[in-house]
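Working notes for the structure below.
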There are 2 protein chains.
Amino acid sequence: MTAPNLLATQNISEREKLIFDATERLLGKFGYDKTTVADIAKEAGISKGAIYLHFKSKDDLIERLLIHAMLGFSANWFGAIEADPQGGLIGNMYLNMLKVIDQTPLMAVIMRQDGAILGNYLKKKDNFFVKNQRQGMRHEFVAMMQAAGAIRQDLDPKVVAHIMDMISFGMVTIAEFVPTEQIPPTDEVIKGIADFMHRALTPEQGADSETGKRILRQLYAEAQKDFLAAQQADAAQKES
Amino acid sequence: MTAPNLLATQNISEREKLIFDATERLLGKFGYDKTTVADIAKEAGISKGAIYLHFKSKDDLIERLLIHAMLGFSANWFGAIEADPQGGLIGNMYLNMLKVIDQTPLMAVIMRQDGAILGNYLKKKDNFFVKNQRQGMRHEFVAMMQAAGAIRQDLDPKVVAHIMDMISFGMVTIAEFVPTEQIPPTDEVIKGIADFMHRALTPEQGADSETGKRILRQLYAEAQKDFLAAQQADAAQKES
DNA sequence: AATTGACCAGTTTTGCATTTTTGGTCATAT
DNA sequence: ATATGACCAAAAATGCAAAACTGGTCAATT
């Protein structure tokens, strides 16, 4: 009973994995600005030129690393939701999300768009987050969930999106901050937040687990389609 | 049945109020760095020299403005808690806090230590927040509440402080972000957070309202004592 | 006694030339 | 095919002097 792979994980060669791992280590320690391509090559134990056999540029490497982390996170998250009988409920979705964050530390960086780590990369006008229109996606997400009956329809999607943002931020912060020894109280806090989200956002009649799963499935499919289209458009633009 | 004034509001002359108001307006619009003393004088309709008849320096003005806002906020907050039969319960304390934030917009700036508004002021090594040791105070606060039985004693005060921080941040964000027309859903969200705080942090036996009020009263008294001591020490240092 | 605004010293900003670093390439080697 | 690292152009960091700004003062004024 394995979780279905709605978003295929990126095809990664042994070499690319090596480079990704080295980059992730250095990124965590020194951040984007202070991590040079030469550093990455040295950390990975290969030559600088070798990196350019696999990646078009430093930014291409960074972005594919972020995408790699996101896809891994998504697949694991959805797997956890599928395995959980109540996984489609909003509160539980967040609970499962938190469980999976630990396995992909870069996810916290992505979610928080961490300035300390991403540095000047965030200032580039065509950066990953601008290109993927993080803001717009969120509204769509909420609107779809409302249309499907998983979120009360009398709430302004903007407000709901903001609340989800805030809660995500808080959970990521907790996941980063609270040491493992403190798990029991953390767990209680997380459950509290999850409960709150469930009560505040779910319609009275309650959204059943299947609805949540269906929406998530659809969302991922759309996201993948958009993503591929954007990548192709990007590639096409670079050729001209 | 008026609320007792545990922290006396600052003694402010007509002129100082005029300057405070002008400063607050400009601070909100342009922030600390781009608000010059000349600007403030112009906005207040007085001369630059007149400002120095009331304040030792620009920073003295800013700090006394922040203190003014905090004292006003504290007095109003405590008043709201006193007037509320359940005001001593942690969740309700937060609810009451939120109600009062609207009346003192600068409070949001203070709570978030807003870099966009406070700018370089925050970088000064002897800034308001460093001087008043915001971090230390918070731990004391939690420890006192735990000692008094208002917060479960099996939780690490550091974790609890962090959670309260996060919740405060979230509530302030909501208060700042959500437009007035959206009050109904906002209200529900706030109640959700308040409930969560109550459930997660209050001991099973429950802290009664009086306990909360007593702790708050004590805290304010201590804060005032510390504050005056710090101010005197500061003044003494500047004479030498 | 209260207020003003020209004035000043110290700081910040700007413009620019020089040096250093870094992303990316490619002739050469394996 | 795959990989290397010396090499280069572009970008970033550094140093510095001139110009502009700003916090704070104080002799003159009301």
Please give, in whole Å, the distance from C:dG24 P to A:Ile19 CD1?
14 Å
So, A:Lys34 and A:Asp39, do they make that salt bridge, N to O below 4.0 Å?
no
Could you give the CD1-to-P distance, from B:Ile46 to C:dT4, as a whole number of Å?
7 Å
Spell out, as yes or no, whether a donor-acceptor pair under 3.5 Å connects the side chain of B:Asn76 to the backbone of B:Phe73.
no
What does the list of N/O pairs under 3.5 Å between the protein and nucleotides 19-23 of chain C look like, with a distance for each?
residue: C:dG23; atom: OP1; partner: A:Lys58; partner atom: NZ; Å: 3.1
residue: C:dG23; atom: OP2; partner: A:Val37; partner atom: N; Å: 2.9
residue: C:dG23; atom: N7; partner: A:Lys48; partner atom: NZ; Å: 3.4

Distance, rounded to the nearest Å, where A:Arg15 contributes CZ and D:dA1 contributes C1':
13 Å
Return the value, rounded to whole Å, for the distance between atom CD of A:Glu14 and atom C1' of D:dT2.
16 Å
Mark yes or no: B:Lys58 above the aromatic ring of B:Tyr32, with NZ or CZ under 6.0 Å from the six-membered ring centre and no more than 45 degrees from the axis.
yes
Answer yes or no: is there an ion pair linking A:Asp21 with A:Lys17, defined by an N-O contact shorter than 4.0 Å?
yes
Take the protein atom NE2 of B:His54 and the nucleotide atom P of C:dA2, then report the distance between them rounded to whole Å.
9 Å
Separation of B:Ile51 atom CD1 from D:dT22 atom P, in whole Å?
14 Å
Value rounded to 0.5 Å, distance of CG in B:Leu65 from CG in B:Asp59
12.0 Å
If I take atom CG in residue A:Asp60 and atom P in nucleotide C:dG24, what distance separates them, rounded to the nearest angstrom?
9 Å
note: B:Leu53, atom CG; C:dT4, atom P; distance rounded to Å ~ 9 Å
Measure the shortest side-chain to side-chain distance between B:Val130 and B:Leu122 over non-hydrogen atoms and say whether it is less than 4.5 angstrom.
no
